[in-house]
**Student:** 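To start, I am sharing the structure in question, which I have written as structure tokens.
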Amino acid sequence: MRFALIDFETESACDLKKSGAWVYSEHPTTNILCLGYTLDGGPSIVISADELLDVWGDKTAQLWAAVNDPTVIFIAHNCSFEKGIWRNIMVAVFGWPDIPNERWHDTQAVCAMKGLPLKLERAASALRLSARKDTDGTKATLDLGRTDKKGYYNSTPEKLQRVYDYNASDIVAELELHRRVRGLGASERRVWLLDQTINERGVRLDMEFVSAAQKVCDDAAKPLLAEFRSLTGIDKLRSPKLKDWLIKQGCPFPRDADGKPDTSLSKENVAKLLGEDDDQEDLTDQEDAYGCESYQQPLPFAYRRSLEILQIVGSASIKKLAAMQACCGSDGRAHGLLQYHGTGTGLWSGRLLQPQNFPRPSLKIVVGFDKDGNEIFGGHDPEQLVAAVKTRDAEFVRLMFGEPIAAVVSGLRHSIVASEGCLLESADLKQIQARVVLALAGQHDKVRLMEGGATPYVPMAESIFKRKINKIVDLKEYTIGKCTILGCGFGMGALTFRRRYCPNETVEYAQHAIDVYRQEFAPLVPKLWYGLEEASIKAVWDRTPQEAFGIVYQLEDGWLTARLPSGRKLWYFDPRPVRKAMPWDKDDIRPGFEYSCWKMGQWIRRTGYGGLETQNVVSGIARDLLVNGMFNIENAGHKVVFNVHDENIAEVEAECADASMFDKYMTGNIPNWAKALHIPVASDCWVGPRYRK
DNA sequence: CGGCAATGCGCC
DNA sequence: AAACGGCGCATTGCCG
């Protein structure tokens, strides 16, 4: 295969990190400093910006020929950046021919698939490659590429030469990386090409709404922030200084069993500190609804008021409004929001405005009254909320929906809209992880229970509490049953279960729920954990392929792979056999294995265990089903615009939008391997002009 | 001044 | 006889 590996160095007043490659590359101040390349692994050649204009120069002519040769593949590390520069500058300004997506290859995508760090120098270091990215050169390029306070670049011939040298050494590092990690494989390449289509297609944003929401938030926050500052002397709401200040004020943080105060300022803890319960919330809502002036309360302690302000204004999510403004392109769309294989198991992660963690709507609106005259609460209507915000009048929003900032937060996801004349379609795979783990374990009685749409949560709760459970009357017990089914599939322990689902109960209570899951509800699931654990450890120790539950573990060229039923592989880098002592007996030493992965911003060694492997395999299978849905959607002529782990969001001409058809794309045309596993695939769908939950 | 690591928060 | 996991962004202080 012939290839050209390329790398641009650029300068711009635009912030690449905030705006993303697309907006950066179409920004009028963005200039190419140089373009480095190697043809088929030959010497690195650096073309300066001036030379680039001379199409007949030696260096340029060779590249020009490669561009015009449809058999030459263009390779870059994070090629979205190179593609953006190519299309918005090389093609649009310099008149070079375009290079279609089918001729691009991304070494970063391969790093993502194989569980390596995404940053070039980190990947090279993890692989112990001899060529390393020149980090001083990076700094020099960044220095050169940024404007000073007056908006000038501080370029000199010496500095430019430094950038050219750095560019050339980068090409060498990228080439070595490419030769080590190689390609994606035919099947994943198709997924990656779809990823590129989706990222380039972008997501339409309602910028009128975004700008109005920003104004409403600013206006509503202004007096509150001023009050906060005068109360505490602290500038930023989320400053850790607030915690110290609160402690000094004698704020009565709740104490745990050991009498240690919980000083976390999490949403939950702040609510606890303010002693809020439902009755009080209702009272506040009522006052707002009638527009009455609050009655004069006894002067609250300063800390109490500061916490109230934190609660109202402290939502970090409204920062998404600024993110949207920064990354919205000239076409009114945000591009590059998804990272291919951003998670270890192949799911996408979110970038820039991060469409995967919009706050869930929290507004409770009176939607009617029951026969006793009690209010019935429901979610807000997206169009009503958007219309109110678009008045740009915080007080009007307050009148309609209560606290303006809370209203905007609740409606943040409505910033995402369908293209002109189109509607959004959305579907999420119902309880996909619980279904897959039961099916893979062969626990078919419980799979059928979920398949029929019958809720398995009631029988689960009845097993735990050994009595009849009614979903309405015994809501607490029902919820425990639900959490047990959804949460216990990967070997969760009693302490975690208690902390997460029932912090006010005893550890024994939590342990009992877990025992019932493992012994009565799904006894085959623990067998799955231990089966995968044993197979993976044996594959690493014996260096021979091992199969369990249809998953094949195998050492491959420095990785441990887990082959899923679809044939796709999960990759664990640098697996090594280790001996580890059991926590219950330090003299009980058993074989295990560890591998390297990127976790919480760090490249770490981590020990494999059955629960984790099961989680990975199940997530991987769910991803394959999501991808199957994506291809079905695209083949039907609908356009996927993004996804959220188990949910696909597409757009299509309004007259073609149809929730029940969309459900069929998501759940139909199931591959044979999934049929063989008897995974019941179902989805929840909606169609509408705006993103919602 | 910018990059980096640590921490907290939002989602699935 | 144990262990739920996965992300990205904003903010901060630290460091060069």
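The sequence lines fix the lettering, A, B, ..., with proteins before strands; numbering per chain opens at 1.
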**Student:** Can you identify which nucleotide, out of C:dG5, B:dA5, C:dC9, has its nearest atom closest to the A:R351 side chain?
**Tutor:**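 For A:R351, the side-chain atoms sit closest to C:dC9.
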
**Student:** When you check the gap from the basic side-chain N to the acidic O, do A:R162 and A:E9 get nearer than 4.0 Å?
**Tutor:**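 The answer is no: the pair does not qualify as a salt bridge.
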
**Student:** Mind checking side-chain contact (heavy atoms from CB on, under 4.5 Å) for A:S362 and listing every partner two or more places apart, or none if nothing turns up?
**Tutor:**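 A:S362: side-chain contact (heavy atoms from CB on, under 4.5 Å) contacts with A:S410.
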
**Student:** Under the 5.5 Å and 30° test, is A:Y609 stacked on the base of C:dA3?
**Tutor:**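 Yes, A:Y609 stacks on the base of C:dA3, since the ring centres sit under 5.5 Å apart and the planes are within 30°.
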
**Student:** Does C:dA1 have OP1 or OP2 sitting under 4.0 Å from an N or O in the side chain of A:K586?
**Tutor:**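 False: A:K586 side-chain N/O out of range (4.0 Å or more) of C:dA1 OP1/OP2.
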
**Student:** Here's a test of your reading of the structure: between A:N616 and A:D585, which maps to the more 5' nucleotide of DNA chain C?
**Tutor:**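 First, find each residue's nearest nucleotide; the 5'-ward one identifies A:D585.
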
**Student:** Parallel, tilted or perpendicular: which one describes the rings of A:Y24 and A:F81, with boundaries at 30° and 60°?
**Tutor:**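 Tilted: the ring planes of A:Y24 and A:F81 meet at 30° to 60°.
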
**Student:** I'd like to know if A:K569 and A:E188 make a salt bridge, using a cut-off of under 4.0 Å between side-chain N and carboxylate O.
**Tutor:**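 The answer is no: the pair does not qualify as a salt bridge.
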
**Student:** What is the separation between atom NZ on A:K319 and atom C1' on C:dC9, rounded to the nearest whole Å?
**Tutor:**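 It works out to 11 Å between those atoms.
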
**Student:** Angle class for the A:Y572/A:Y595 ring planes (parallel below 30°, perpendicular above 60°, tilted otherwise)?
**Tutor:**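 Correct class here is perpendicular.
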
**Student:** Scan nucleotides 7-12 of chain B nucleotide by nucleotide, 5' to 3', and note B when protein non-hydrogen atoms come under 4.0 Å of the base, S if they reach only the sugar-phosphate, - if neither.
**Tutor:** -SSBSS

**Student:** Give one of base, sugar-phosphate or nothing for A:R606, where a contact means two heavy atoms less than 4.0 Å apart.
**Tutor:**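 Sugar-phosphate only.
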
**Student:** Mind calculating the distance between CD (A:Q511) and P (C:dA1) to the nearest angstrom?
**Tutor:**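 One finds 10 Å between P of C:dA1 and CD of A:Q511, rounded.
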
**Student:** Using a 4.0 Å heavy-atom cut-off, does A:K17 contact any base of the nucleic acid, only the sugar-phosphate backbone, or nothing at all?
**Tutor:**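 Counting heavy atoms under 4.0 Å across all strands, no contact is made by A:K17.
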
**Student:** In whole angstroms, how far is the P atom of B:dA6 from the NZ atom of A:K599?
**Tutor:**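 These atoms are roughly 14 Å apart.
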
**Student:** Quickly work out the A:H341 NE2 to C:dC7 C1' distance and round it to whole Å.
**Tutor:**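 Computing the A:H341:NE2 to C:dC7:C1' distance gives 14 Å.
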
**Student:** At 4.0 Å (heavy atoms only), tell me whether A:R122 reaches a base, stays on the sugar-phosphate, or touches nothing.
**Tutor:**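 Here A:R122 touches the backbone only, sparing every base.
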
**Student:** In whole Å, I'd like the distance from the CZ atom of A:R623 to the C1' atom of C:dG6.
**Tutor:**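 Whole-Å distance recorded here is 14 Å.
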
**Student:** How many whole angstroms separate atom CG of A:L347 from atom C1' of C:dG8?
**Tutor:**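 Taking CG of A:L347 and C1' of C:dG8, I get 15 Å after rounding.
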
**Student:** Looking only at side-chain atoms of A:Q602, point me to the closest of B:dA5, C:dA3, C:dG5.
**Tutor:**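 Looking only at heavy atoms from C-beta outward on A:Q602, the closest nucleotide is B:dA5.
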
**Student:** Reckon A:G342 touches a base, only the sugar-phosphate, or nothing at all at heavy-atom distances under 4.0 Å?
**Tutor:**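 Sugar-phosphate only.
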
**Student:** At 4.0 Å (heavy atoms only), tell me whether A:G489 reaches a base, stays on the sugar-phosphate, or touches nothing.
**Tutor:**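 No contact.
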
**Student:** For the residue pair A:W603 and A:F573, categorise the inter-ring angle as parallel (less than 30°), tilted (30 to 60°) or perpendicular (more than 60°).
**Tutor:**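 Tilted.
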
**Student:** Quick one: A:N643 CG to C:dG6 C1', roughly how many Å, whole number?
**Tutor:**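 Roughly 14 Å, once rounded to whole Å.
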
**Student:** At under 4.0 Å between heavy atoms, what does A:E533 touch on the DNA or RNA strands: base, sugar-phosphate, or nothing?
**Tutor:**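 Base: the residue A:E533, judged by heavy atoms under 4.0 Å, touches a nucleobase.
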
**Student:** Taking the side chain of A:K119 as heavy atoms from C-beta outward, which of C:dA3, B:dC4, C:dG6 is closest to it?
**Tutor:**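 Among the listed nucleotides, the one closest to the side chain of A:K119 is B:dC4.
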
**Student:** Could you tell me how far apart A:E121 (CD) and B:dG3 (C1') are, to the nearest whole angstrom?
**Tutor:**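 Atom-to-atom, A:E121 to B:dG3, this comes out as 11 Å.
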
**Student:** Mind checking whether A:F497 and A:Y517 have ring centres under 6.0 Å apart?
**Tutor:**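 Between A:Y517 and A:F497, which both carry aromatic rings, the centre distance is not below 6.0 Å.
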
**Student:** Can A:R692 be said to sit on top of A:W686's aromatic six-ring, NZ or CZ under 6.0 Å from centre and within 45° of the ring axis?
**Tutor:**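 Relative to the ring axis of A:W686, which defines the angle, A:R692 lies inside both limits.
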
